[in-house]
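Each chain gets a letter, A, B and so on, in the order its sequence line appears, and its residues count up from 1. Values reported hereafter were calculated over all heavy atoms of this structure, with side chains retained and with hydrogens, waters and symmetry mates removed.
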There are 2 protein chains.
Amino acid sequence: MLTREGCPESVLAIKDALEALEGRWKLLIMLSLSLGNKRFKQISKEIPGITDKMLSKELKTLETNKLIKRTVYDTFPPTVEYSITPHGKSLEKVLEELYHWGQEHRKQVIGK
Amino acid sequence: MLTREGCPESVLAIKDALEALEGRWKLLIMLSLSLGNKRFKQISKEIPGITDKMLSKELKTLETNKLIKRTVYDTFPPTVEYSITPHGKSLEKVLEELYHWGQEHRKQVIGK
DNA sequence: CCGTATCCCTTAAGATACTG
DNA sequence: CAGTATCTTAAGGGATACGG
């Protein structure tokens with residue numbers, strides 16, 4: 001299953017996936033939201049080290065790519081809730097495998 | 001299952017995983033090698049856009065993290081073969097899920 | 001064949017302060 | 001509460017040329 005360029009089709013598919021998920025934060029945000037709908041501050045508290053700026057920026061990108069949904073409630077002070085879309089939900093399998101691998105990696109390499 | 005910092009344990013495990021896999025190339029290299037042992041040039045040909053410098057650098061990091069193995073054969077010209085370790089092999093599940101998700105993502109969002 | 005060595009540029013991302 | 005704006009630094013990564 002090679003393309004004309006001599007590169008496996010699977011490489012191309014994963015390259016597209018990685019482009020949508022690149023950076024240190026997107027997958028962590030997706031994980032946080034897959035554990036339940038959350039508000040800005042709640043996500044921020046669950047992800048160690050993320051700044052408001054990065055969270056804000058990444059949320060926008062994820063929304064553009066239709067992985068999450070942003071819902072604004074007309075209250076004062078403003079209430080905004082983030083949730084994952086069906087397409088975003090399909091990422092959960094990736095996250096699960098990554099979770100298992102991360103635990104194994106700690107034992108094998110990091111030594112925690 | 002929260003840590004003292006109020007952050008889910010799964011977030012920490014995935015954070016560790018992402019640290020070992022960060023960047024645009026590592027997962028693609030792992031994929032290429034999971035399809036079979038390969039030499040430097042062969043990997044390079046399978047991954048569109050990667051430069052020798054980046055490939056060389058990432059291969060070292062992956063070797064340090066015990067995800068791949070580098071074997072040198074004493075020939076002229078030199079022959080070097082890369083293969084995945086058992087720990088690297090455990091990444092294949094992640095790659096499979098990422099592959100499926102990438103295909104879906106193309107249909108849903110990119111429109112290929 | 002299998003890389004290294006430079007040089008350079010863009011982007012990610014942290015810190016801090018501020019707004020509707 | 002839910003973000004923006006601005007500034008700055010570190011790092012990722014590309015182009016090119018060269019070495020064992």
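- In the interface, the side chain of A:K53 is paired with the base of C:dG14 through a donor and an acceptor atom under 3.5 Å apart.
- Among the nucleotides D:dA2, C:dG3, C:dA12, the one closest to the side chain of A:K41 is D:dA2.
- Residues B:M30 and B:W25 form no side-chain contact, since every pair of their non-hydrogen atoms from C-beta on lies 4.5 Å or further apart.
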* Carefully, step by step, assess B:L31 and B:E96 under the rule side-chain contact (heavy atoms from CB on, under 4.5 Å). => CA-CA 9 Å; B:L31 172 65; B:E96 263 176 52; over 6 Å; no
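- Comparing D:dG3, C:dA13, C:dA12 by their closest approach to the side chain of A:K57 singles out C:dA12.
- Summary of the strand contacts: B:V80 and A:T51 both lie near DNA chain C, and taking for each the nucleotide with the nearest heavy atom, the more 5' one is attributed to B:V80.
- The side chain of B:S56 contributes an N or O atom lying less than 4.0 Å from OP1 or OP2 of C:dT4.
- Following rounding to the nearest Å, B:W25 (CH2) and D:dA11 (C1') show an atom-to-atom distance of 16 Å.
- What separates CG of A:L55 from P of D:dT4 is a distance of 10 Å, to the nearest Å.
- One interatomic measurement links the two molecules: CE of B:M54 to P of C:dT10, which rounds to 17 Å at whole-angstrom precision.
- With rounding to whole Å, A:L18 atom CG is found 11 Å from D:dG13 atom P.
- Spacing between atom CD1 of B:I50 and atom P of C:dC2 amounts to 15 Å, rounded to whole angstrom units.
- Within the structure, every pair that satisfies the side-chain hydrogen bond (donor to acceptor under 3.5 Å, both in side chains) test and touches residues 48-58 of chain B, not counting sequence neighbours, is listed here: B:K26-B:E58.
- Here A:R24 does not reach the OP1 or OP2 of D:dA11: none of its side-chain N or O atoms lies under 4.0 Å away.
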* Asked: Should A:E46 and A:K38 be marked as a side-chain contact (heavy atoms from CB on, under 4.5 Å) after you check the CA-CA gap, both sets of side-chain angles, and the distance that decides it?
  -> CA-CA 10 Å; A:E46 281 194 359; A:K38 298 208 174 64; 3.0 Å; yes
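- OP1 or OP2 of C:dG3 has at least one side-chain nitrogen or oxygen of B:R70 nearer than 4.0 Å.
- Between the side chain of B:S32 and the backbone N or O of B:I43, no donor-acceptor pair lies under 3.5 Å.
- Here B:K26 does not reach the OP1 or OP2 of D:dG12: none of its side-chain N or O atoms lies under 4.0 Å away.
- The separation between B:D52 atom CG and D:dG13 atom C1' is 14 Å, rounded to whole Å.
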* A:I84/A:E92 under side-chain contact (heavy atoms from CB on, under 4.5 Å): CA gap, chis, key distance, verdict -> CA-CA 10 Å; A:I84 59 180; A:E92 286 179 11; 3.3 Å; yes
* What do the steps show when you test A:E9 against B:Y99 for side-chain contact (heavy atoms from CB on, under 4.5 Å), and what is the final call? -> CA-CA 10 Å; A:E9 213 282 319; B:Y99 173 45; 3.5 Å; yes
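- Using five terminal pairs a side, the axes of the helix from C:dC1-D:dG20 to C:dG20-D:dC1 at its two ends make an angle of 60°, given in steps of 10 degrees.
- Taking the side chain of A:P78 as heavy atoms from C-beta on, and the options D:dC1, C:dC2, D:dG3, the nearest nucleotide is D:dC1.
- Listed nucleotides: C:dG3, C:dG14, D:dG3. Nearest to the side chain of A:F40: D:dG3.
- A:E104 and B:S90 share no donor-acceptor pair across their side chains, judged by distance under 3.5 Å alone.
- Atom P of nucleotide C:dG3 and atom NZ of B:K60 are separated by 9 Å, given to the nearest angstrom.
- Taking the side chain of A:R39 as heavy atoms from C-beta on, and the options C:dG14, D:dC1, D:dG14, the nearest nucleotide is D:dC1.
- The interatomic distance linking A:E22 (CD) with C:dT10 (P) rounds to 17 Å, in whole Å.
- Of the side-chain N and O atoms in A:Y82, none sit less than 4.0 angstrom from OP1 or OP2 of D:dC1.
- The residue B:Y73 sits apart from the nucleic acid: no heavy atom pair falls under 4.0 Å.
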